[in-house]
Amino acid sequence: MVQRASPIPLYIQIEEELRNAIRSGTLKSLDQVDSESELSERFSVSRMTARKALDRLVGDGLLFRQPGKGTFVAPPKIDHGPSQQLSFSAAMAALGLRHETRVLDSGIAVPPERIGQALGLAPDSPTVFLRRLRSVDGQPAAIHIAYLPARYAGILDGDLSGSLTDLMGSVGARVAEARDSIEAVLATGEDARLLGVHSGSPLILISGVAYSSSLAPMRYTEALYRGDRFRFTVDSTRPPDLRIELRG
């Protein structure tokens, strides 16, 4: 219970009690927590005080809200490498996480000019286009978009819900290296809806080009990850090829 004589504000005391319940496992991943009105009654405080405690935990990524459903304990962040050379499917399987892929769109399309240039294609050249929603443990986690030169159109006859890296290998397109950039962006429009987050929520965008052993561009990828679900780690055992770009 809260200590009204304490100099610690009531909303922080409530926040700490909920935080301790999460740490101890009393509140587990994806458990629903008490609503503002329930916390207000439980601790004999105003709804505004209860809301402030919940807001702070949501801001710290320990809780998340689902409109019309309530507030829930956020699952632990998923550790993933930032390179698009890594297979998402293989990485999730290695972590023992249940993962699913829904194909949102696929086919032959002329890419935006900047993507065609990144792939070294002539203007208006067709490409293989693939857009997929990746889910982890039943929750939407990432949107992956890929463009490949049209010579790899054979992948469209394969299982597009599996590993794209493996599928490319089956048509002789073996990725040797990838050069990627990572930046923070905000969720908007359909991306926010598909990922189950509010517009303006933080996302992590990783984009880049995968190359063959002869450094021929083979795939352009853009991947949007939920900022509350992923933590990206970098192996520092080798000096990274780090470039910093300031955007004004």
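What's counted below: heavy atoms across the whole structure, side chains too, no hydrogens, waters or symmetry copies. Not measured: the values here are computed from a predicted model.
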- Test: R56 cationic atom under 6.0 Å from Y11 six-membered ring centre, within 45° of axis: no

Note to self: For Q32, I'd like to know if atom CD has over 12 heavy atoms of other residues, nucleotides or ligands within 6.0 Å.
What the structure shows: yes

In this structure, CE of M168 is separated from OG of S212 (nearest 0.5 Å) by 9.5 Å

### Query
Within a strict 4.5 Å, meaning less than it, do heavy atoms of the E15 and N20 side chains meet?
no

Query raised in the report: Linking I/L/V/M/F/W/Y whenever any side-chain heavy atoms sit under 4.5 Å apart, do L164 and V175 land together?
Result: yes

### Residues D191 and R226 bridged, charged N to O under 4.0 Å
no

Hphob cluster co-occupancy, V128 + L119, side-chain heavy atoms under 4.5 angstrom:
no

Under 4.5 Å between side-chain heavy atoms, counting indirect links through other Ile/Leu/Val/Met/Phe/Trp/Tyr residues: same cluster for V103 and I155 or not? yes

Would you check, one step at a time, whether the test side chain to side chain contact (heavy atoms under 4.5 Å, CB included) holds for I182 with I204?
CA-CA 7 Å; I182 182 169; I204 301 167; 3.7 Å; yes

| field | Ion pair check, R42 and E38, cut-off under 4.0 Å | value | no

Is the shortest heavy-atom distance from the side chain of E16 to the side chain of I8 under 4.5 Å? no

| message | For a quick check under 3.5 Å, do H99 and R134 share a side-chain donor-acceptor pair by atom type? | response | no

- Any luck finding a side-chain donor-acceptor pair between S40 and R47 under 3.5 Å? no

Q) Are L160 and L148 connected in the hydrophobic side-chain network, where two residues link if heavy atoms are under 4.5 Å apart? A) yes

Closest non-hydrogen contact found for K28 with V73 is O-CB, 3.2 Å

**Q.** Steps toward side chain to side chain contact (heavy atoms under 4.5 Å, CB included) verdict (T49, I14)
**A.** CA-CA 9 Å; T49 297; I14 297 171; 4.2 Å; yes

Take F64 and H198, measure what ring pair (Phe, Tyr, Trp, His ring centres under 6.0 Å) needs, and give me the verdict at the end.
CA-CA 10 Å; F64 68 95; H198 293 294; over 10 Å; no

Smallest heavy-atom separation, Y220 atom then S207 atom, equals OH-CB, 3.8 Å

Members sharing M48's hydrophobic cluster, built from side-chain contacts under 4.5 Å between Ile, Leu, Val, Met, Phe, Trp and Tyr, are none

Pair R131 + E190, salt bridge at N-O below 4.0 Å: yes

**Test log, rule side chain to side chain contact (heavy atoms under 4.5 Å, CB included), inputs V209 and R179** = CA-CA 6 Å; V209 179; R179 300 173 186 172; 5.8 Å; no

Here the gap from R132 atom CZ to H144 atom NE2, rounded to the nearest 0.5 Å, amounts to 7.5 Å

Heavy-atom nearest pair, L130 first then S106, reads CD1-CB, 3.9 Å

(Q) For the backbone of D166 and the side chain of S163, can you confirm whether one donor and one acceptor N or O come within less than 3.5 Å of each other? (A) yes

Please check if any side-chain donor atom of E17 sits under 3.5 Å from a side-chain acceptor atom of Q13, or the reverse. no

Q | R102 and E100 ion-paired at < 4.0 Å | A | no

**Request:** Give a yes or no on this: more than 12 heavy atoms of other residues, nucleotides or ligands lie within 6.0 Å of atom CZ of R174.
**Result:** no

Output for pair (D124 CG, T127 OG1), nearest 0.5 Å, gives 11.0 Å

One should read off an interatomic distance between L205 CG and Y225 OH, to the nearest 0.5 angstrom, of 10.0 Å

Closest heavy-atom pair, P140 versus R229, reported as atoms and distance to 0.1 Å, is O-NH1, 4.1 Å

Open item on the list: For T221 and I145: C-alpha separation, side-chain torsions, deciding distance, then whether side chain to side chain contact (heavy atoms under 4.5 Å, CB included) applies.
Closed with: CA-CA 6 Å; T221 305; I145 298 173; over 6 Å; no

I'd like to check L57 versus T71 (side-chain heavy atoms, cut-off strictly below 4.5 Å). Are they in contact?
no

The side-chain contact (heavy atoms from CB on, under 4.5 Å) partners of P202 (sequence neighbours excluded) come to none

**OP:** Kindly indicate whether the side chain of Y147, heavy atoms from C-beta on, has any atom under 4.5 Å from the side chain of P112.
**Re:** yes

Tightest non-hydrogen contact, residues L39 and V45, listed as O-CG2, 4.2 Å

Find out if a path of hydrophobic residues (ILVMFWY) with successive side-chain heavy-atom gaps under 4.5 Å connects L224 to L133. yes

In this structure, CG of L62 is separated from CG of L18 (nearest 0.5 Å) by 10.0 Å

So CD1 of I115 and CD of E222: to nearest 0.5 Å the spacing works out to 5.0 Å

Of all heavy-atom pairs linking S199 and T188, the shortest is OG-CA, 4.1 Å

